[in-house]
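Note sheet for the following structure.
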Amino acid sequence: PLFRSVASTNQITEAVLCDPKVGATVTFQPTLIRPAPPLHTSDDEVLWLNPSENTFLPEWDASMCISNSAGVEVRKLMAKAFKGPLVLQQQQQVLGELEKDPKLVYHMGLTPNKLPDLVENNPLIAIEVLLKLMSSNQIAEYYSVLVNMDMSLHSMEVVNRLTTAVELPKEFIQLYICNCIGKCETIKDKYMQNRLVRLVCVFLQSLIRNKIIDIKVDGKKKSIEGE
């Protein structure tokens with residue numbers, strides 16, 4: 001009887017531990033019903049977009065890592081142009097690079113304060129630079145500097161060339177003429193005064209010949225102001 005009870009005990013233990021249908025492996029877990037969380041809705045919520053195509057092409061910047069040697073050389077030449085006249089070959093190089101890339105004018109180190117030096121030392125470059133800056137939001141500052149700088153042959157040459165190339169504001173032209181006349185009236189040296197008067201007369205003749213100013217209208221206006 002003892003042997004039978006031991007054998008029965010072993011069978012029961014083996015069944016409890018090894019049989020998957022009975023014993024220790026059978027557990028009773030309650031089914032927990034959890035409601036799905038609500039979706040957050042808002043007017044400024046960013047929408048999640050699922051792309052429909054699986055093919056994506058990278059966007060490459062072809063201008064990266066390309067040496068801009070032309071721009072560097074132009075900046076070096078412009079630094080010299082502010083200090084003194086450039087030789088003909090250097091002037092042609094600057095003008096040629098501006099012709100190839102007009103946006104280079106914004107990266108050559110020019111500011112309104114440096115314009116008088118450029119006009120006096122290299123008027124041809126100053127003309128081309130100002131023409132490229134006509135669409136810039138800083139052109140009014142360059143006009144102001146050009147009007148208030150000391151009158152000279154080069155400054156009048158720059159203004160004269162600009163008037164024949166583009167339509168300048170009439171206020172700018174009138175103010176520049178008034179400043180030139182005022183300069184002639186205040187100068188003490190008779191020789192320099194006669195020289196400047198001749199330059200102003202040639203400048204005015206050019207404006208009249210190119211129909212930039214109307215001598216009848218402007219003359220009538222001056223006479224009314226004098227009265």
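The closest side-chain heavy-atom distance from Leu207 to Phe203 is below 4.5 Å. With a 4.5 Å cut-off on side-chain heavy atoms, Pro116 and Val145 count as touching. At a threshold of 4.5 Å between non-hydrogen side-chain atoms, the residues Leu110 and Tyr142 count as touching. Using a 4.5 Å cut-off on side-chain heavy atoms (C-beta onward), Leu118 and Met78 make contact. No side-chain heavy atom of Val166 sits under 4.5 Å from any side-chain heavy atom of Leu130. Using a 4.5 Å cut-off on side-chain heavy atoms (C-beta onward), Leu77 and Ile125 make no contact. Counting only heavy atoms from C-beta outward, the side chains of His107 and Val74 never approach each other to under 4.5 Å.
Tyr191 is connected to Met151 through a chain of hydrophobic side-chain contacts under 4.5 Å among Ile, Leu, Val, Met, Phe, Trp and Tyr, so both are in one cluster. Taken together through direct or relayed side-chain contacts under 4.5 Å among Ile, Leu, Val, Met, Phe, Trp and Tyr, Val197 and Ile187 form parts of separate hydrophobic clusters. Under a hydrophobic-cluster definition in which Ile, Leu, Val, Met, Phe, Trp and Tyr are linked whenever side-chain heavy atoms come within less than 4.5 Å, directly or via other members, Val202 and Leu204 are assigned to different clusters.
Remark: the backbone N or O of Gln138 is not paired with any side-chain donor or acceptor of Glu141 at under 3.5 angstrom. Asn122 places a side-chain N or O within 3.5 Å of a backbone atom of Leu86 that can act as its donor or acceptor partner. With Asn210 contributing its side chain and Ile212 its backbone, the two residues share no donor-acceptor pair below 3.5 Å.
Here NZ of Lys114 is found 11.0 Å from CE of Met108. Values are rounded to the nearest 0.5 Å. With values rounded to the nearest 0.5 angstrom, Cys180 atom SG is found 11.5 Å from Glu185 atom CD. To the nearest 0.5 Å, the span separating CZ on Arg198 from SG on Cys184 amounts to 11.0 Å. The distance from the OG1 atom of Thr186 to the CD atom of Gln193 is 8.5 Å, given to the nearest 0.5 Å. Here the CE atom belonging to Met156 is positioned 4.0 Å from the CG atom belonging to Leu199, to the nearest 0.5 angstrom. Atom CD1 of Ile181 sits about 11.5 Å away from atom OH of Tyr176, to the nearest 0.5 Å.
The heavy-atom pair separating Lys132 from Tyr106 by the smallest distance is O-OH, 4.2 Å.
Side chains of Asn160 and Ser206: a donor-acceptor N/O pair is present below 3.5 angstrom, by distance only.
The side-chain hydrogen bond (donor to acceptor under 3.5 Å, both in side chains) test with Ser152 is passed by exactly one of Glu120, Lys183, Glu157: Glu120.
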